[in-house]
Amino acid sequence: MDKLLLSKGYQLGNTIGEGTYSKVKEAYSKLLQTKVAIKIINQRTAPKDFIQKFLPRELQIVKHLDHKNIIKVHEICETDDGHIYIVMELAEGGDILEHIRREGPLPESLAKTLFRQLAQAIRYCHDSGIAHRDLKCENTLLDKSFNIKLADFGFAKYFRSGTGELSKTFCGSTAYAAPEVLQGVPHDSVKSDIWSLGIVLYIILCGHLPFDDSNIPKMLWLQQNGVVFPQQLELSRDCRDLVGRLLEPDSNLRPLIQDVCFHPWLADTQ
């Protein structure tokens, strides 16, 4: 494993993330003269569904992504022993959830700056026919200049715009899942991404989830009754309005990402 990476000029460092059948290591690239992150996937220990369905999609999608607020993939290589290496940009600031746990929720002005970047990243994806399907604070990373870098396209898929194509797969985390996803009905992955964006924005502003995910039936009931902000939290009317629109339980009434980007809260400063 290390031999291949060393032969390509990568010096492996610490493990900075670990999943069930993958891990992410920090490394230094002699060629790029900078630190990178290397996602190492062991195909021999991963489930067949992941290897046959999700992994090929992820590899196909990440090769073509090119946006300043999305983690850039530099190289993908595979070894004879079943390991795949995805060499990508390193987001040295960690994820936004780590930052909020450490520093508390963001002031509205900073939340607006970061959320605009995230919305632009999702607009790029949707305009490219890609639904992310696992939007959450843990996949919303920060670079050393405190800019958003969207990561982890493990559940992403291509969709054909305007066809009314619906997904039947449950993807992502329960806490960020839209009502229609939790209910297990065929759903529009694009509109589900919008809901997840709303959860991310709420957490950035409030420091906690809008809906308790420990009891799914109760969570669904709370989702239908609308979002509630902490009483002591001072937020502008436009900000509250956008959160409410994103967390619209009826997916047909939820905005598309273009409408989100033109919302008054995001449009008033550039």
Side-chain angles (χ1 to χ4, degrees), residues 16-17 19 22 24 26 35-39 41 54-55 57-76 86-101 106 110-159 167 171-173 175-178 181 189-205 242-243 246 254-261 263 266:
I16 53 175
S22 69
V24 180
E26 192 177 292
K35 286 181 180 178
V36 294
I38 303 181
K39 185 176 182 179
I41 301 161
F54 291 104
L55 182 60
R57 272 188 198 160
E58 179 181 8
L59 297 179
Q60 186 187 6
I61 285 169
V62 297
K63 282 177 190 172
H64 303 294
L65 295 171
D66 184 17
H67 188 275
K68 63 181 180 179
N69 297 117
I70 296 177
I71 287 289
K72 182 175 178 56
V73 169
H74 299 299
E75 183 180 10
I76 298 169
I86 305 175
V87 181
M88 52 196 168
E89 181 182 4
L90 176 67
E92 297 189 58
D95 69 56
I96 195 83
L97 190 63
E98 289 170 4
H99 179 84
I100 290 165
R101 282 176 174 161
L106 303 182
L110 182 53
K112 182 189 298 192
T113 299
L114 292 186
F115 187 75
R116 184 185 291 113
Q117 293 177 1
L118 180 58
Q120 292 292 352
I122 290 300
R123 185 175 184 179
Y124 168 84
C125 291
H126 288 185
D127 285 351
S128 304
I130 298 163
H132 187 281
R133 303 204 300 172
D134 195 20
L135 274 172
K136 55 184 176 181
C137 290
E138 296 92 323
N139 291 338
T140 306
L141 309 183
L142 296 162
D143 69 10
K144 58 186 175 187
S145 303
F146 212 71
N147 291 307
I148 289 292
K149 295 284 182 175
L150 179 61
D152 202 339
F153 285 75
F155 286 126
K157 67 173 278 192
Y158 283 108
F159 67 89
S167 174
C171 293
S173 303
Y176 292 82
V181 177
S189 297
V190 165
K191 291 296 189 79
S192 302
D193 273 355
I194 299 297
W195 174 278
S196 302
L197 267 181
I199 302 287
V200 171
L201 178 54
Y202 185 97
I203 293 170
I204 289 172
L205 293 163
L242 178 56
V243 175
L246 297 171
R254 222 173 287 150
L256 292 168
I257 192 61
Q258 292 87 341
D259 303 318
V260 174
C261 291
H263 186 276
L266 294 179

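Here the structure is a predicted model, which is why all the values come from computation and not from measurement. Along the sequence shown, residues are numbered consecutively beginning with 1.
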*Does His132 reach the main-chain N or O of Asp152 with its side chain, forming a donor-acceptor pair under 3.5 Å?*
yes
*Judged by atom type as modelled, is there a donor-acceptor pair below 3.5 Å linking the side chain of Lys149 to the main-chain atoms of Lys68?*
yes
*Taking atom types as modelled, is there a side-chain donor on Arg133 or Ser167 under 3.5 Å from an acceptor on the other?*
yes
*Are Lys39 and Ser22 close enough that a side-chain donor and a side-chain acceptor fall under 3.5 Å?*
no
Are side-chain heavy atoms of [X] and [Y] found at a separation under 4.5 Å?
{"X": "Lys63", "Y": "Ile76", "answer": "yes"}
{"X": "Thr140", "Y": "Asp95", "answer": "no"}
{"X": "Ile71", "Y": "Leu150", "answer": "no"}
{"X": "Ile96", "Y": "Glu138", "answer": "no"}

What's the shortest heavy-atom distance between [X] and [Y], and which atoms?
{"X": "Val36", "Y": "Met88", "result": "CB-O, 3.4 Å"}
{"X": "Gly154", "Y": "Phe54", "result": "O-CB, 3.6 Å"}
{"X": "Trp195", "Y": "Tyr176", "result": "CD1-O, 3.3 Å"}

*May I have all residue pairs that pass salt bridge (Lys or Arg N to Asp or Glu O under 4.0 Å) and include part of residues 117-128, sequence neighbours excluded?*
Arg123-Asp127
*Name the orientation class of the two ring planes belonging to Tyr124 and His67 (parallel below 30°, tilted from 30 to 60°, perpendicular beyond 60°).*
tilted
*asked:* Exactly one of Leu242, Leu110, Leu106, Ile148 should register a side chain to side chain contact (heavy atoms under 4.5 Å, CB included) with Phe115. Which one does?
replied: Leu242
_Tell me which one of Ile70, Asp134, Asn139 satisfies side chain to side chain contact (heavy atoms under 4.5 Å, CB included) with Phe153._
Ile70
_Qualifying residues under salt bridge (Lys or Arg N to Asp or Glu O under 4.0 Å), relative to Lys157, sequence neighbours excluded_ = Glu165
